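All values derive from a computational prediction rather than experimental measurement.
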Amino acid sequence: MNEKLRVLVSVDLDGAKAQVKTQGHVTVQSIQGLYDVMKRADSLVPGLALELDMTLADVEPQAMEELRGCARSHHLPLQVDPLQRDYRFSILTPNITAANTAAPMLAALPAVPAELAAA
């Protein structure tokens with residue numbers, strides 16, 4: 001998949017929150033651009049609550065884990081934000097890239113006893 005990353009930022013200055021809606025293929029490489037967008041959105045109002053809407057994005061598991069780590073630490077990577085400002089953001093669950101996940105296994109159902117099957 002070579003789909004470009006598309007980002008739409010909606011800002012509610014009264015509520016001091018912003019939604020960063022992401023579409024496309026999110027990789028460990030393309031996530032750097034997403035960090036830059038988050039940093040710029042946060043610069044509008046210090047302490048802005050950011051919501052990362054990844055529901056329409058195909059996210060590689062390693063990139064998702066990196067995002068979750070940033071959310072837990074409240075910091076963006078050092079190379080993106082050398083000042084290590086405090087960021088408040090939540091992540092709406094993405095679609096995990098099919099190429100990076102195994103197909104789900106179907107569980108075998110137990111056999112139905114003959115007396116129940118005839119009923």
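Taking each heavy atom of Met38 and Leu50 in turn, the nearest pair found is O-CD1, 3.8 Å. The shortest non-hydrogen separation linking Tyr87 to His75 is CD1-CA, 4.3 Å. Of all heavy-atom pairs spanning Ile91 and Ala71, the tightest one is CD1-CB, 4.3 Å. Closest of all the heavy-atom pairs between Ala16 and Leu48 is C-CD1, 3.1 Å. Ala49 and Arg88 make their closest contact through CB-NH2, 3.3 Å (heavy atoms, listed as atom of the first residue, atom of the second, distance). Nearest heavy-atom pair, Cys70 versus Leu76, reported as atom, atom and distance to 0.1 Å: SG-CA, 4.2 Å.
Gln32 CD: more than 12 foreign heavy atoms inside a 6.0 Å radius. Taking a 6.0 Å sphere around NZ of Lys17, one finds it holds 12 or fewer heavy atoms contributed by other residues, nucleotides or ligands.
Under a 3.5 Å cut-off, the side chain of Gln23 and the backbone N or O of Leu5 do not form any donor-acceptor pair.
Hydrophobic clustering (side-chain heavy atoms under 4.5 Å, transitive across Ile, Leu, Val, Met, Phe, Trp, Tyr) keeps Val28 apart from Val37. Note on Phe89 and Leu13: same hydrophobic cluster, where clusters join Ile, Leu, Val, Met, Phe, Trp and Tyr whose side-chain heavy atoms are under 4.5 Å apart, directly or indirectly.
Going from atom CG of Asp36 over to atom CG of Asp81 covers 10.5 Å, rounded to the nearest 0.5 Å. How far CG of Leu83 is from NZ of Lys39: 7.0 Å, rounded to the nearest 0.5 Å. Atoms CD and CD1, on Glu66 and Ile31 in that order, are 5.0 Å from each other to the nearest 0.5 Å. A distance of 7.0 Å separates CD of Glu60 from CD of Gln29, quoted to the nearest 0.5 Å.
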Checklist entry - Does the pair Arg40 and Val9 meet the rule for a side chain to side chain contact (heavy atoms under 4.5 Å, CB included), with working shown? => result CA-CA 10 Å; Arg40 300 244 328 161; Val9 179; over 6 Å; no
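Screening Val11, Leu34, Leu8, Asp53 against Val20 for a side-chain contact (heavy atoms from CB on, under 4.5 Å) leaves a single residue, Leu34.
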